[in-house]
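Down below is the structure, laid out as structure tokens.
Small disclaimer: the values here were computed from a predicted structure and weren't measured. Counting convention: from 1, in listed order, for ligands and their atoms alike.
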Amino acid sequence: MPVTTIIGTQWGDEGKGKCVDAAAADADAVVRFQGGNNAGHTLVVDGEKTVLHLIPSGALYDGVDCYLARGTVLNPETFLEEVEALRDRGVDMAGRLFVSQNTPLIMPWHIEMDAARESGEGAIGTTKKGIGPTYEQFVARQAILAGDLRRPDDAIAKIEMFYGERLASLRANWNGEGDPPFATVDQAVERFRRRHEQVYTRLVPFISDVETELRERIRAGDHIVMEGAQGTYLDVGMGTYPFVTSSHTTAAGACTGAGVAPRAIDRVIGVCKAYTTRVGDGPFPTELPVDSGVGRHLQDVGNEYGATTGRPRRCGWLDLPMLTEAVDINGCDEVVITKLDVLSGLDEIKLAVDHADGEPVYETFEGWQNDITDVRDTEELPENARRYLEFIAQRLAPFDCTIGQVSVGPGRRQIFEY
Ligand code: IMP
């Protein structure tokens with residue numbers, strides 16, 4: 001399929017990085033269309049682990065071009081650090097990594113604003129990377145865009161015009177003691193000039209007209225993977241508002257985020273963990289306590305600690321009504337079930353099949369004890385694992401959706417067709 005969008009059906013951390021990496025093997029390009037370095041995509045190749053926060057998961061294939069499209073937000077320092085870390089690993093991104101000239105830049109005051117808000121009553125448990133405040137300034141039509149780095153005087157004019165308003169807001173959100181430590185307008189301009197000389201100039205060679213190029217490549221029939229970050233229920237519009245990220249994480253976001261038409265997308269793959277996790281605050285109907293029992297098992301065996309912030313993830317059972325709604329919202333053609341191996345060793349497995357008065361209604365399945373990490377065929381799975389998957393597949397069918405693949409470990413080869 002020429003253009004495939006891969007998105008998360010839960011609250012992120014579903015294992016999208018691995019699915020994108022698998023799809024990238026046959027792709028010409030991989031595109032990030034939303035989010036920033038709040039994401040953390042873990043890839044394990046030949047036992048070596050790489051965590052990418054910004055650069056698309058196609059990075060590890062030589063011939064695959066990587067794009068950061070206009071719907072993303074970009075922290076220049078993090079971006080350059082990631083490029084250098086890949087270079088140290090022998091992966092050279094020169095000439096095959098492109099940043100949209102229209103991508104808003106995360107500036108120091110955005111990170112300060114995120115931290116200030118998170119220290120107050122309105123905290124929602126963000127990653128404190130400045131994501132929300134950057135999108136906010138973009139929507140206010142005041143953002144500094146990557147393309148402005150080619151003409152630093154334009155960026156400086158924007159700081160002079162708009163930073164005063166941000167500074168007032170920073171001061172109003174300051175919860176610390178003593179004088180607020182924020183830069184004045186003059187200091188912000190000076191800081192920008194210094195960073196431009198030392199850092200930002202190194203970003204300039206990566207900047208291009210990504211959206212036009214993507215449309216041309218789609219017209220030419222190139223195989224392109226649109227890589228979603230976070231998950232459906234963190235979408236600013238469709239998620240568990242206000243406990244959401246500030247971008248459109250759903251499949252439709254690939255169109256506005258990469259500047260391509262809805263009809264350009266041929267296939268949508270939803271990634272779903274065999275159970276559920278969430279980092280940050282907000283509702284989580286099937287949540288389990290993690291101090292002991294099944295919750296502890298999921299957190300430990302699944303290594304459920306954030307790839308970006310290291311925070312322990314909240315854990316719980318898979319929630320089918322949420323999954324089918326996500327499949328519906330995103331128009332998923334198929335779902336990849338990941339981390340099925342983490343359920344091995346449990347005596348029984350619960351699956352939320354309905355919600356009544358806000359509480360999940362569970363169906364209970366017998367568990368399996370065998371290690372399934374070497375399984376490469378549905379028929380080789382323990383019968384109880386097949387029953388669990390079959391039940392999920394039946395619920396997906398009315399949405400014209402199937403289970404496409406099942407993943408049983410972090411390695412590139414630990415995945416098979418269902
Ligand atoms: P922000 O994206 O840093 O503004 O955080 C908003 C919410 O999204 C918080 O609950 C974060 O924990 C969550 N979030 C952001 N990025 C990720 C991710 O990559 N995986 C899981 N949760 C995320």
*Consider every N or O of Gly132 and every N or O of ligand 1, then say whether any pair is closer than 3.5 Å.*
no
In terms of its nearest heavy atom to atom 6 (C) of ligand 1, the top option of Ile131, Val244, Asp114, Val279 is Val244
request  = Answer yes if the side chains of Gln230 and Gln34 hold a donor-acceptor pair under 3.5 Å, and no otherwise.
outcome  = yes
Nearest non-hydrogen protein atom to atom 8 (O) of ligand 1, with distance, is Leu234 CD2, 3.6 Å
* Taking 4.0 angstrom as the limit, do Glu136 and Arg117 come out as a salt bridge? -> yes
One pair to check against side-chain contact (heavy atoms from CB on, under 4.5 Å): Trp368 and Leu340. What are the steps and the verdict? CA-CA 11 Å; Trp368 60 89; Leu340 185 67; 3.9 Å; yes
- Got an N/O contact under 3.5 Å between Gln230 and ligand 1? yes
Item to check | Sidechain N-carboxylate O distance under 4.0 Å for Glu304, Lys273 | outcome: yes
| request: Would you check whether Gly125 reaches within less than 4.0 Å of ligand 1, judged by its heavy atoms? | output: yes
Donor + acceptor pair across side chains of Asp319, His355 (<3.5 Å): yes
Ring centroid separation for Tyr200 and Phe192, is it under 6.0 angstrom?
-> yes
Query raised in the report: Would you call Ala39 a ligand 1 contact, heavy-atom distance under 4.0 Å?
Result: yes
Of all protein heavy atoms, the one nearest atom 3 (O) of ligand 1 is Thr127 OG1, 2.6 Å
Original post:
Are any of the N/O atoms in Ser246 less than 3.5 Å from those in ligand 1?
Top reply: no
